[in-house]
Amino acid sequence: MDNILELLEELKKTHYIDRDGIVKLLSYDRPEVIFSAADEIRKKYVGNDVHLRGLIEFSNYCCRSCFYCGLRAMNRSVQRYRLSEEEILNAAKIAAGHNLKTIVLQGGEDKFFSVSELCRIVEKIKNLDVAITLSIGELPRESYAELKRAGADRYLLRIETSSRDLYEGLHPGMSFENRVNCLYNLKDLGFETGTGSLVGLPGQTPEILAEDLLFFKKLDADMIGIGPFIPCPGTPLENEKAGKVEMVLKMLSLTRLILPDINMPATTALAVSDTCGHSKGLSVGANVIMPNVGNIEYKKLYKIYPKDNALELTLKDQLSNIEKILKQQQRTLGKSYGYRKKSSMQTI
Ligand code: 5AD
């Protein structure tokens, strides 16, 4: 046991740990010690501010067939929608009007929108004096470069799992190598780059989760999103077991310890799996929440995993719930764009 506590002390100091060490910590039966270490490091490196990112889910069309995702192309039971340019801009204005300093445009891999159209939307949203994060999947390097030139600041593309075999088994027609290349292209082009993984995928082992963390570190990711796998009807994994909240919390806390200055959300999937998910995430290293700014009718259709419609709140209600959590945890609302490093403010 002492051995494990020594390992944790070392991790707190050096932010380095090897695969075996991570596996040991992941199976440690007193995770509270890891959680509080992560909370301490979060406070030391990124302070008490919680940054809000306004999420616009602008299309649920997708050409991919990821085994876990409800929006997979082959799921015919989904009613598809896409927002018009005007609707996207209106949602962005509402978010900016609520003082959200980052807009996240997320969608399925919908080939309807051309890169030049997306660039035009990015340029218009930038006029609202916000940072822009894109989360629209795999694109050629040149398209990423165009979007960067148009003013996009950040990009989210989860590796989903760092195991090549598991990745390729869950993503028919996709290659692990291309996923990794996309992430390195994004970094190289100057995007603040976010990645992350699903916890509890069938076939996932503690060793694979440990490799996920080492992958985040190697990439030097700027943002990490981690959530539990939630089985979704209409997908090949509909009858599998859900990922465990506690394992997600362990992964979040170890991520904070390994990459102390990154931005890390308490994810929506965590909040869907546990009514206190946001609060628990924030207490083990997370410093970001992503309220949804879309129209409620569209939100109901953005079913990457099942969620209770009763939980679909207006932006105002989401923000007042978040405020309560921040108060309880003596955390403050971030008022800046919330970049990873102060120096990258120059990109705005
Ligand atoms: N359960 C949990 N998370 C999921 N995602 C997709 N489907 C599911 C699911 N069934 C996550 C993926 C994706 C992100 C937008 O949503 O990790 O990157």
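Each ligand, and each atom within it, is numbered from 1 in the order the structure gives. Computed from heavy atoms alone, side chains included, the values below leave out hydrogens, waters and symmetry copies.
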If we count only N and O atoms by modelled type, under 3.5 Å, do the side chains of [X] and [Y] hold a donor and an acceptor together?
X: Glu211; Y: Ser163; result: no
X: Tyr81; Y: Glu297; result: no
X: Asn287; Y: Asn263; result: yes

Name the option, out of Glu238, Lys303, Glu160, that contains the heavy atom nearest to atom 13 (C) of ligand 1.
Glu160
side-chain hydrogen bond (donor to acceptor under 3.5 Å, both in side chains) partner of Ser197, the single match among Asp212, Thr161, Thr255:
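Between Ser197 and the candidates, side-chain hydrogen bond (donor to acceptor under 3.5 Å, both in side chains) is satisfied uniquely by Asp212.
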Parallel, tilted or perpendicular: rings of Phe215 and Phe176 (30°, 60°)
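If you compare the ring of Phe176 with that of Phe215, the planes turn out tilted.
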With respect to Ile230, determine whether any N or O atom, backbone or side chain, lies less than 3.5 Å from an N or O atom of ligand 1.
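N/O-N/O distance below 3.5 Å exists for this pair.
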Any nitrogen or oxygen of Tyr305, main chain or side chain, under 3.5 Å from a nitrogen or oxygen of ligand 1?
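No, since none of the N or O atoms of Tyr305 sits under 3.5 Å from an N or O of ligand 1.
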List the closest protein heavy-atom neighbour of [atom]: residue, atom name, distance to the nearest 0.1 Å.
atom: atom 2 (C) of ligand 1; answer: Pro228 O, 3.2 Å
atom: atom 15 (C) of ligand 1; answer: Gln106 NE2, 4.0 Å
atom: atom 7 (N) of ligand 1; answer: Tyr68 CD1, 3.3 Å
atom: atom 14 (C) of ligand 1; answer: Arg158 NH1, 4.0 Å
atom: atom 16 (O) of ligand 1; answer: Ile304 CD1, 3.5 Å

Centroid-centroid distance, Tyr144 to Tyr155, less than 6.0 Å:
yes
For ligand 1, is any non-hydrogen atom under 4.0 Å from Ser135's backbone (N, CA, C, O), its side chain (CB onward), both, or neither?
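The answer is neither.
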What do we get for Leu198 next to ligand 1 when only non-hydrogen atoms under 4.0 Å count, side chain, backbone, both or neither?
side chain
Quick check: does any side chain N or O of Lys217 sit under 3.5 Å from a backbone N or O of Ile258, one acting as donor and the other as acceptor?
yes
